[in-house]
Trainee: 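Following this message is one structure expressed as C-alpha cells.
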Amino acid sequence: MTPEEFQSELEKRDIPVTEEKMRQFERYLKLLQEWNEKINLTAITKREEVYLKHFYDSLTAGLYVDFSKGVHSLCDVGSGAGFPSIPLKIIYPELQITIVDSLKKRIGFLETVVNDLGLSGVHLYHDRAETFGQNKQFRGSFDFVTARAVARMSVLAELCLPLLKLNGTFIAMKAAHAPEELNEAKKAIGTLGGKVRDDISFELPEDAGERHIILIDKKKETPNKYPRKPGTPNKSPLA
C-alpha cells in the first residue's frame, strides 16, 4: 500500500487525512526505519508494508469506534513501536493517549516520535502491564484500552479491563484465531466486569490477512479480590 493508496483508502471510509497528517506518517516511517537498525521494533520495515500492516491496520479501530466526538482517554497496553495508538493520535488529535511498554528502549523511541511529530497529550510509561493495571493512579481511569497482537484474550482481559472506567471499552485487535481465543476467555471477561459487545471480522486490503476487532464493554467494576503478582496472568490466566 503506497502512501497515496493509504490516504485514498481512509478517505473512502470517511476518515479524512490532511497533508500535514500524511507528513507525520511519513516522518513516523523514517524514524521507525532508522531506529529499527539499532533496536528490534518490528519485522515489517518496507514502506508499503508499514503503511498497510501497521498504519492502516492500526486505524481500522476507528472504523468501528467513534473517536472523533469529545475528548477521550485511551491506554495502549504493550504498544511496542506505537501501534495502534500513535496512528490513532495522528488522525484523532483530541485523543489523550497513555502508552505502556515494558522495554525502556522502545519508550525512548516513542519519546522521539512524539517530540518529532509534535504530538501533545501523549504520556509514556515504562512498566509491565501486569503491574500498571494494579496502580491506583491508573486503575479504572480510561475510556478506551487497546491491545494489538500482545497476548491471548484470557491474558488481555486481565491486563486491560481493570484499567477501564465503568462503561469504557476494551478494543482487542486480533488476527484469524480470535474466535477461539474469545470463547476461551468469556468466563474471565465476565469475572472482570466485561461484556462482549461484538467480534468484527474483516480482511485487510491487498489480501493482507484476516483481522478481528473485539469490543468488550466494562459493565461492572473489576473486583479488587483478583490482584495478581507481576507476571501471573501470563502463567495462569483466569479461566
Side-chain angles (χ1 to χ4, degrees), residues 1-37 39-68 74 76-93 95 97 99 101 106 109-110 113 116-117 119 144 146-153 156 169-182 197-215:
M1 176 179 278
T2 65
E4 294 76 20
E5 290 167 338
F6 169 77
Q7 184 172 11
S8 175
E9 191 70 31
L10 292 178
E11 288 176 345
K12 281 194 297 186
R13 296 175 177 274
D14 296 321
I15 299 178
V17 192
T18 64
E19 290 306 313
E20 174 59 26
K21 290 176 181 178
M22 287 301 296
R23 283 191 288 271
Q24 287 177 308
F25 278 115
E26 189 63 18
R27 183 58 185 153
Y28 189 8
L29 168 68
K30 297 299 183 188
L31 289 170
L32 184 70
Q33 292 171 329
E34 290 169 10
W35 276 70
N36 207 61
E37 294 179 3
I39 64 172
N40 182 25
L41 293 168
T42 175
I44 298 170
T45 57
K46 291 183 179 178
R47 191 185 199 202
E48 288 78 9
E49 286 192 77
V50 170
Y51 270 91
L52 174 58
K53 296 181 180 179
H54 281 326
F55 295 167
Y56 181 83
D57 188 26
S58 293
L59 292 172
T60 57
L63 300 176
Y64 306 105
V65 178
D66 189 355
F67 297 113
S68 63
L74 181 149
D76 191 6
V77 173
S79 176
F83 307 120
S85 52
I86 296 296
L88 288 171
K89 177 66 179 179
I90 292 172
I91 295 295
Y92 306 102
L95 271 178
I97 301 290
I99 293 176
D101 198 87
R106 282 198 292 258
F109 164 70
L110 292 170
V113 170
D116 205 304
L117 272 56
L119 302 176
F144 300 104
T146 56
R148 178 177 175 263
V150 176
R152 64 191 190 278
M153 279 299 303
L156 287 179
T169 302
F170 170 35
I171 306 163
M173 305 180 74
K174 305 289 290 183
H177 297 294
E180 294 92 331
E181 288 189 29
L182 183 58
R197 186 203 313 173
D198 211 348
D199 174 8
I200 303 152
S201 173
F202 59 95
E203 295 283 337
L204 284 178
E206 302 179 13
D207 296 319
E210 181 182 346
R211 294 292 186 270
H212 288 252
I213 290 181
I214 299 171
L215 303 178

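Sequence positions, counted from 1, serve as the residue numbers for this chain.
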Trainee: Kindly say whether L119 contributes a backbone atom to a donor-acceptor pair with the side chain of K89 at under 3.5 angstrom?
Mentor: no
Trainee: Any donor and acceptor pair, going by atom type alone, linking the side chain of S58 with main-chain N or O of H54 inside 3.5 Å?
Mentor: yes
Trainee: Are the side chains of V50 and R47 in contact, using a 4.5 Å heavy-atom criterion?
Mentor: no
Trainee: What pairs with D57 under salt bridge (Lys or Arg N to Asp or Glu O under 4.0 Å), at least two apart in sequence or on another chain?
Mentor: R148, R211
Trainee: Specify the closest pair of heavy atoms between I171 and A61, including all atoms of both residues, with the distance to one decimal.
Mentor: CG2-CB, 4.3 Å
Trainee: Using modelled atom types and a 3.5 Å cut-off, is there a donor and acceptor pairing between side-chain atoms of D101 and backbone atoms of R106?
Mentor: no
Trainee: My understanding is that only residues two or more places apart in sequence, or in another chain, count here; which of them pass salt bridge (Lys or Arg N to Asp or Glu O under 4.0 Å) with D116?
Mentor: R27
Trainee: Go through the structure and list residues passing side chain to side chain contact (heavy atoms under 4.5 Å, CB included) with A178, not counting sequence neighbours.
Mentor: K174, H212, I214
Trainee: Going by the rule side chain to side chain contact (heavy atoms under 4.5 Å, CB included), which residues pair with R197 if we only count those two or more places apart in sequence or in a different chain?
Mentor: T169, L215, D217
Trainee: Checking E11 side chain against P16 main chain: does a donor-acceptor pair fall under 3.5 Å?
Mentor: no
Trainee: Is P84 close to L59 at the side-chain level, that is, under 4.5 Å between some pair of heavy atoms?
Mentor: no
Trainee: Which word best sums up how the rings of Y92 and F67 line up, parallel for under 30°, tilted for 30 to 60°, or perpendicular for over 60°?
Mentor: tilted
Trainee: Of all the heavy-atom pairs spanning K21 and I91, show the shortest one and how long it is.
Mentor: NZ-O, 3.0 Å
Trainee: With sequence neighbours excluded, what pairs up with Y51 under the side-chain hydrogen bond (donor to acceptor under 3.5 Å, both in side chains) test?
Mentor: E26
Trainee: Just jot down the salt bridge (Lys or Arg N to Asp or Glu O under 4.0 Å) partners of K53, sequence neighbours excluded, or say none.
Mentor: E49
Trainee: Would you compute the distance between atom CG of L74 and atom OG1 of T146 and round it to the nearest 0.5 angstrom?
Mentor: 4.5 Å
Trainee: In the structure I gave you, are the side-chain heavy atoms of F6 and L10 within less than 4.5 Å of one another anywhere?
Mentor: yes
Trainee: Considering only heavy atoms from C-beta outward, does the side chain of I86 approach that of I99 to under 4.5 Å?
Mentor: yes
Trainee: Decide ring-ring contact (aromatic ring centres under 6.0 Å, His included) for Y56 and F25; before the verdict, give the C-alpha distance in whole Å, the side-chain angles of both, and the deciding distance to 0.1 Å.
Mentor: CA-CA 11 Å; Y56 181 83; F25 278 115; over 10 Å; no
Trainee: Is the shortest side-chain heavy-atom distance between L63 and I15 below 4.5 Å?
Mentor: yes
